[in-house]
Protein chains: 2
Amino acid sequence: MLEGMTTRNPRAAGLARLAGLIADETRAACLLALLDGRAWTAGELARHAGVAASTLSEHLGKLVAGGLLSEERQGRHRYVRLADATAAQLVEELAARVAPGTAVRRPRTLRESTAGSAMARGRTCYDHLAGRLGIAVTDAFTARGLLRRDTGFALTDAGLRWFDTAGIALDRRGRRPLVRACLDWTERRPHLAGAAGAALCRHALQARWCVRIGSERAVKVTDAGERALSELLGIAAEALR
Amino acid sequence: MLEGMTTRNPRAAGLARLAGLIADETRAACLLALLDGRAWTAGELARHAGVAASTLSEHLGKLVAGGLLSEERQGRHRYVRLADATAAQLVEELAARVAPGTAVRRPRTLRESTAGSAMARGRTCYDHLAGRLGIAVTDAFTARGLLRRDTGFALTDAGLRWFDTAGIALDRRGRRPLVRACLDWTERRPHLAGAAGAALCRHALQARWCVRIGSERAVKVTDAGERALSELLGIAAEALR
DNA sequence: CGATGACTTCGGCGGGCGCCGAAGTGTCCG
DNA sequence: CGGACACTTCGGCGCCCGCCGAAGTCATCG
């Protein structure tokens with residue numbers, strides 16, 4: 001509406017509109033939930049956010065129209081997920097900046113506490129590994145000279161070879177950067193993201209190095225995973241606990 | 001709603017609050033203006049945004065309280081600037097995502113047109129170089145093997161030596177990454193940012209490779225700058241026009 | 001010391017937006 | 001084919017928030 005009216009500053013208006021999509025607690029809760037990279041139904045998100053289905057439907061309409069989410073209708077369900085990796089990155093980075101102020105809330109119930117520590121131990125962050133697991137992998141990459149972090153954030157040639165010998169295919173076409181630093185909000189340090197991070201995570205789940213636990217995005221390293229990570233990256237099992 | 005009630009989801013609330021700081025056209029205009037990295041007075045920003053001084057004063061209060069801006073009082077002036085490089089990065093990344101939809105507006109006046117093309121040619125982006133100038137530098141770094149971009153975004157050892165021989169000191173202490181990719185919103189491609197990008201930009205201005213023009217953040221490459229960039233990085237003068 | 005100027009505080013106004021429940025549409029299943 | 005279910009549309013409500021101008025505070029300057 002009011003399309004005919006030219007705004008004084010279209011660039012600022014666009015920025016404000018985009019930020020406005022995230023500037024609502026209900027929508028923010030949805031975006032954070034969707035950071036697990038999976039598709040949620042409208043109803044699940046409504047329950048998660050604690051609002052009426054009708055309210056959430058309108059929120060989803062805005063997020064989709066704004067390009068942050070993409071939707072897929074299946075029968076009577078409306079599945080929705082983050083539109084792409086850049087949308088996830090945007091939410092991550094905003095969330096990472098928030099954490100220092102709000103991360104101090106203590107868990108109130110045992111259930112909350114164990115869920116929280118499981119998330120801190122290992123989880124997915126959109127399409128790559130995060131938590132202590134993600135950090136351990138990133139640190140191992142760095143220590144073994146596979147990832148150069150002192151002058152930026154890039155795989156080394158040895159790093160490329162590592163993926164090759166591990167049998168993990170890297171898609172190097174496409175616009176998506178091969179690696180990228182993503183700020184971990186429990187560890188407060190960057191971990192491995194980008195196409196390589198996604199490929200590694202995908203492989204880890206497929207090879208059952210780790211499995212999803214609970215309904216959230218927490219993951220647990222299996223015994224086979226401990227062996228593989230120790231063998232391929234020299235990660236001590238203690239670093240994953 | 002009941003007052004004093006703790007919010008249901010503090011993480012989402014924090015995210016929404018942070019985004020809310022940017023989700024206002026007037027505040028967004030201020031943040032974009034401040035992307036030049038300089039300190040502005042409250043009055044300048046009020047004039048720039050086209051609102052009353054009282055209105056803008058309240059906006060600045062929120063932005064400072066929210067940690068996006070830092071302020072410095074000098075006499076009867078209130079100088080305000082982006083709080084740090086991460087705040088600038090946040091605004092940049094949001095703005096970069098907006099651009100595709102809104103960048104199509106055509107300039108309406110000659111003044112606007114020349115100002116726009118000067119900005120597209122070269123400008124500062126917080127504390128580093130952007131526009132065609134920034135892209136040319138980044139491309140030259142990549143072509144000469146000083147910057148590795150195929151597997152991420154990091155300086156090579158040759159890149160470190162280049163800074164050394166050029167007499168540009170790099171501060172490698174501190175938490176700030178040495179290099180980082182920043183998405184250029186006129187070129188739609190990443191350019192060199194981070195501590196090294198800032199050092200290079202600082203040196204370029206000090207050595208008068210380029211000078212600020214106009215009141216905005218546009219910069220112009222001098223004759224000496226053309227020679228230096230050609231000599232040190234093999235950049236053809238045509239790439240800067 | 002009085003005038004000017006930059007900024008802040010306050011009261012009041014208006015619009016936008018998130019919320020809900022009720023009613024409507026489309027899909028699935030027994 | 002009818003009922004259950006997931007989602008959407010609509011009307012209405014209430015509050016939040018950005019806006020302004022007037023008045024107040026404080027620094028600077030003649």
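Throughout, a chain's letter reflects where its sequence line sits, starting with A, and its residues are numbered from 1.
- Within the 3.5 Å criterion, the main-chain N or O of G131(A) finds no donor-acceptor partner in the side chain of T186(A).
- The separation between E72(A) atom CD and dC7(D) atom P is 14 Å, rounded to whole Å.
- A salt bridge (charged side-chain N to carboxylate O under 4.0 Å, His left out) with R176(A) holds for exactly one of D171(A), D84(A), D127(A); it is D127(A).
- In this structure, R47(B) is not positioned above the aromatic face of W40(B) in the sense of NZ or CZ being under 6.0 Å from the six-membered ring centre and within 45° of the axis.
- Here the nucleotide nearest the side chain of R76(B), chosen from dT27(C), dT28(D), dT8(C), is dT28(D).
- T138(A) contributes a side-chain N or O that, together with a main-chain N or O of G134(A), makes up a donor-acceptor pair within less than 3.5 Å.
- Seen from the ring of W185(A), R97(A) does not count as a face-on cation partner, given the 6.0 Å and 45° thresholds.
- Dashed line: the shortest gap from a side-chain N or O of R73(A) to OP1 or OP2 of dG26(C) is not under 4.0 Å.
- Residue-level contact check: A42(A) touches the backbone only, with heavy atoms under 4.0 Å from sugar-phosphate atoms and none from bases.
- A heavy-atom distance below 4.0 Å to DNA chain C is reached by these residues of residues 54-62 of chain B, ordered by number: S54(B), S57(B), E58(B).
- Close to dT8(D), at under 4.0 Å from its OP1 or OP2, lies a side-chain N or O of R78(A).
- The 5' end of DNA chain C is approached more closely, in terms of each residue's nearest nucleotide, by T26(A) than by the other of T26(A) and Q74(A).
- Proximity of a side-chain donor or acceptor of H128(A) to a complementary backbone N or O of C125(A) within less than 3.5 Å is detected.
- Rounded to an integer number of Å, the gap from L69(B) CG to dC7(C) P is 14 Å.
- Across all strands, A53(A) comes closer than 4.0 Å to base atoms (heavy-atom distances).
- Counting heavy atoms from C-beta outward, L240(B) and R132(B) have side chains that stay 4.5 Å or more apart.
- If you measure from atom OH of Y79(A) to atom C1' of dT27(C), you get 13 Å, rounded to the nearest angstrom.
- Side-chain proximity of D24(B) to the nucleotides dG18(D), dC7(D), dC19(C) is greatest for dG18(D).
- If you measure from atom CZ of R47(B) to atom C1' of dC7(C), you get 13 Å, rounded to the nearest angstrom.
- The interatomic distance linking E71(B) (CD) with dC7(C) (P) rounds to 12 Å, in whole Å.
- One can place CD of E25(B) at 18 Å from P of dC17(D), the figure rounded to the nearest angstrom.
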